[in-house]
Amino acid sequence: MVKLSENRVALINLGTTIAAMDELDVLIKFYSEDKPGPAYVTFTHVDGPGEVKVQFDRKNILPTLKAQKQRLVDYLATLGVEA
């Protein structure tokens, strides 16, 4: 059982976490296809330099996307949610 008193923020943000996983699934599927060219990524940060656009080799971005998805799956598991 998940205690609301201990997991309030996580439960409030559950929709955001699930949406992030869905977005990662779309990117993983796209970058799993054998296509020429790099992955184009835009980074933003509230306190940073604004938008920064970079390119990554497709073979390098895929493991990163998969690792981030696994991180979210592992996080949900700590709440007792199987993803």
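Predicted model, so just to flag it, every value in this text is computed and none were measured.
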query = Between Gln55 and Pro38, what is the shortest heavy-atom contact and its length?
reply =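 Looking at all heavy atoms of both residues, the shortest contact is OE1-CG, 3.5 Å.
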request  = If a pair satisfies salt bridge (Lys or Arg N to Asp or Glu O under 4.0 Å) and one of its residues is in residues 67-83, list it, with sequence neighbours excluded.
outcome  =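 Qualifying pairs, neighbours excluded: Asp25-Lys69.
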request  = Measure the spacing between CD1 of Ile12 and OG1 of Thr17 and express it to the nearest 0.5 Å.
outcome  =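 Ile12 CD1 to Thr17 OG1: 12.0 Å, rounded to 0.5 Å.
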query = Under the side chain to side chain contact (heavy atoms under 4.5 Å, CB included) test, which residues partner Lys59, sequence neighbours left out?
reply =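 Listed in chain order: Asp57.
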Thr16: side chain to side chain contact (heavy atoms under 4.5 Å, CB included) partners, not counting sequence neighbours =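 Once residues adjacent in sequence are excluded, Thr16 has no partner under the side chain to side chain contact (heavy atoms under 4.5 Å, CB included) criterion.
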Under 4.5 Å side-chain linkage, directly or through intermediates, the cluster mates of Val73 =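 Leu14, Ile18, Met21, Leu24, Leu27, Ile28, Phe30, Tyr31, Val41, Phe43, Val52, Val54, Phe56, Ile61, Leu62, Leu65, Leu72, Tyr75, Leu76, Leu79, Val81, which link up through side-chain heavy atoms under 4.5 Å apart, make up the rest of the cluster.
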query = Taking only residues two or more places apart in sequence or in another chain, which ones pass side chain to side chain donor-acceptor pair (under 3.5 Å) with Glu33?
reply =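 Partners of Glu33 by the side chain to side chain donor-acceptor pair (under 3.5 Å) criterion, ordered by chain and then number, come out as Lys35.
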